[in-house]
Participant: 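Please read through the structure below; I'll follow up with questions.
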Protein chains: 4
Amino acid sequence: MARGLNKVMLIGHLGNDPERRETASGQTVVNFTLATSEGFKDSSGNFQERTEWHRIVVWGKLADICSQYLKKGRQVYIEGRLQTRSWDDSKTGEKKYTTEIVCSDMQMLGSGRDSGGGMGDSSYPQERQQYSRPSRPAEPPAGNYGERPSSGGAQEFEKDDLPF
Amino acid sequence: MARGLNKVMLIGHLGNDPERRETASGQTVVNFTLATSEGFKDSSGNFQERTEWHRIVVWGKLADICSQYLKKGRQVYIEGRLQTRSWDDSKTGEKKYTTEIVCSDMQMLGSGRDSGGGMGDSSYPQERQQYSRPSRPAEPPAGNYGERPSSGGAQEFEKDDLPF
Amino acid sequence: MARGLNKVMLIGHLGNDPERRETASGQTVVNFTLATSEGFKDSSGNFQERTEWHRIVVWGKLADICSQYLKKGRQVYIEGRLQTRSWDDSKTGEKKYTTEIVCSDMQMLGSGRDSGGGMGDSSYPQERQQYSRPSRPAEPPAGNYGERPSSGGAQEFEKDDLPF
Amino acid sequence: MARGLNKVMLIGHLGNDPERRETASGQTVVNFTLATSEGFKDSSGNFQERTEWHRIVVWGKLADICSQYLKKGRQVYIEGRLQTRSWDDSKTGEKKYTTEIVCSDMQMLGSGRDSGGGMGDSSYPQERQQYSRPSRPAEPPAGNYGERPSSGGAQEFEKDDLPF
DNA sequence: TTTT
DNA sequence: TTTT
């Protein structure tokens, strides 16, 4: 069945610099860990902090961007899907599992000055916002794009006087 | 700056059959309204239901799918971004605003039998899941896809014994 | 029907300092606008930036936190639900609509140094992370619930003639 | 710091009836697996289906609702946060990890007739929509909080050797 | 292993 | 009206 949703959205800090590899077929893969922290009141009513660590995997063009601009400590927004892989442990012969977030969108947060490992901080890509895979923008049709009086859809709609 | 997130996720029922139009440039546009309901306790502690209506706009290939398979009453998951358009009311000369959800992903929910207005209910596309724009899947590299022992990433990862 | 989802997730910058009010029943309400920006390629293949403006409404304890710690220019993550209110324009007698995000969770992004309007930047609450409301519904204040002409917030807002 | 986001949103079908337990401190815990499916084009351009399995954990009042109304095969929307627990495998002495979604919101999808395993299908709670927990943190039960060897759920789970 |  |  094709109806489903598998979405993860995280805001956190990188626990390490992204590790870049290339597959045999020439695709770029990048891995890093991400810490998400949240506070909560424990049973005594005291504030505590709980940190959760996530394994992030990024493929393709977005992997290249992550590899270039992300550093340990950087705060990012990550969107992706959950994926659990299994493999046979060569030592024990046991089946093992690991769950990762396959990243499909990434946004750097804060200003470049937060960058963490940063220094010669040329922290931003020249062509901004190409951070996401061929995905989200849901671009309106090219033809009448320039004609629209505001940020919205096609001109036809603007005849209407009432929203509904 | 290009760092931002503008995401809407809705689960609700269509208030009307999708209305399909074509722009001058030949792009398909589809509009429909979606009702999302939620319950809440009022100040007297009684359960009440609150229904919110949303204007949905869909472009391109996904619009064609919506036009073909969605009907009034159908339960769907909608993902998109918020967009507020303005126009000048020809009668009063006032500036008016309307906020819409520009849909980038759609999933039909429930079985076809829930369809609502349905009848000759051949409710599903033959090629399922092409419901989303060229987006989410974050497809692993083609080259070694068939080699993977499980649902996961590239083979390199499976040498690892520990998740982190 | 009670099954539904109405969720908005935004990352952007405040367009103005939060405006704090109190309802007749003593509930705190805060309003601000949020700009979310995204890049896209126009029909000529050039990168463009599109900014969308959102009206944010926050109630209760979370409103107090927003009022205290957020400033114009601050980058934040906002989670909430969409709500369209209507009112009768006292001048023209027309029915008008405005769509807002009723905020149920807020996270300040970047370090305090990004704050924007900041100065004597004591940017963080002592008791962190109590940023989220007790629950999803983001219930409007009890006192004037029955009085509201539409599905929206408190009556005070309905004096306004323009969405922003 | 407490600023972070750790959110998972799934739409899928239950792989088994929910398993209900009670902790020593009297809190209800429910576990089930959820399958999310998505289609994609493989490297030959053919449509394939990929199913991902997720472990869901639910606490408290929402656990009771899940236990009562959900059945194997039922389609649901699940919202929660990712949590990776570790434990020492008693047989091999190795450290093992499992990642779960701690559920904070649940919506039943489709009509009751979709229920799957259902039969005497009085599928809906009388007081609808009280499906969400009081708040985001999805706090584990207070009573045994200090006893947990890792960041995870109740001790009972750690007897298991396999994630599923 | 991150961050405040 | 924000931000880079």
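Because only heavy atoms are used, hydrogens play no part in the values below, and waters and symmetry mates are left out as well, while side chains stay in.
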Participant: Starting from C1' on F:dT3, measure out to CE on A:Met108 and report it in whole angstrom.
Facilitator: 14 Å

Participant: Tell me: NE2 of C:His13 to P of F:dT3, nearest whole Å?
Facilitator: 7 Å

Participant: List in chain and number order the residues that pass side-chain contact (heavy atoms from CB on, under 4.5 Å) with A:Gln68, two or more places apart in sequence or in another chain; answer none if no residue qualifies.
Facilitator: none

Participant: Side chain of C:Thr33: nearest nucleotide among F:dT1, E:dT3, F:dT2?
Facilitator: F:dT1

Participant: Could you check how far CZ of C:Phe32 sits from P of F:dT2, rounded to whole Å?
Facilitator: 16 Å

Participant: Check whether any side-chain N or O of A:Gln75 sits under 3.5 Å from a backbone N or O of C:Gly110 as a donor-acceptor pair, and report yes or no.
Facilitator: yes

Participant: How long is the line joining CG of D:Leu5 and P of E:dT2, in whole Å?
Facilitator: 21 Å

Participant: Can you measure C:Gln75 atom CD to F:dT3 atom P for me and round it to whole angstrom units?
Facilitator: 11 Å

Participant: Identify which nucleotide among F:dT1, F:dT3, E:dT2 has an atom closest to any side-chain atom of A:Thr51, counting heavy atoms from C-beta outward.
Facilitator: E:dT2

Participant: Tell me whether the ring of A:Trp53 lies stacked over the E:dT2 base, given a 5.5 Å limit on centroids and a 30° limit on the plane angle.
Facilitator: no

Participant: Whole angstroms only, please: what is the CG-P distance between C:Leu14 and F:dT2?
Facilitator: 11 Å

Participant: Give a yes or no answer on whether the side chain of D:Asp89 reaches the backbone of D:Glu94 with a donor-acceptor pair at less than 3.5 Å.
Facilitator: no

Participant: Could you state the atom-to-atom distance from OH of C:Tyr77 to C1' of F:dT3 in whole Å?
Facilitator: 19 Å

Participant: Which one, F:dT1, F:dT2, E:dT1, comes nearest to the side chain of C:Ala35?
Facilitator: F:dT2

Participant: Rounded to the nearest Å, what distance is computed from the CD1 atom of residue C:Ile56 to the C1' atom of nucleotide F:dT2?
Facilitator: 12 Å

Participant: Partners of C:Ser67 by side chain to side chain donor-acceptor pair (under 3.5 Å), sequence neighbours excluded?
Facilitator: none

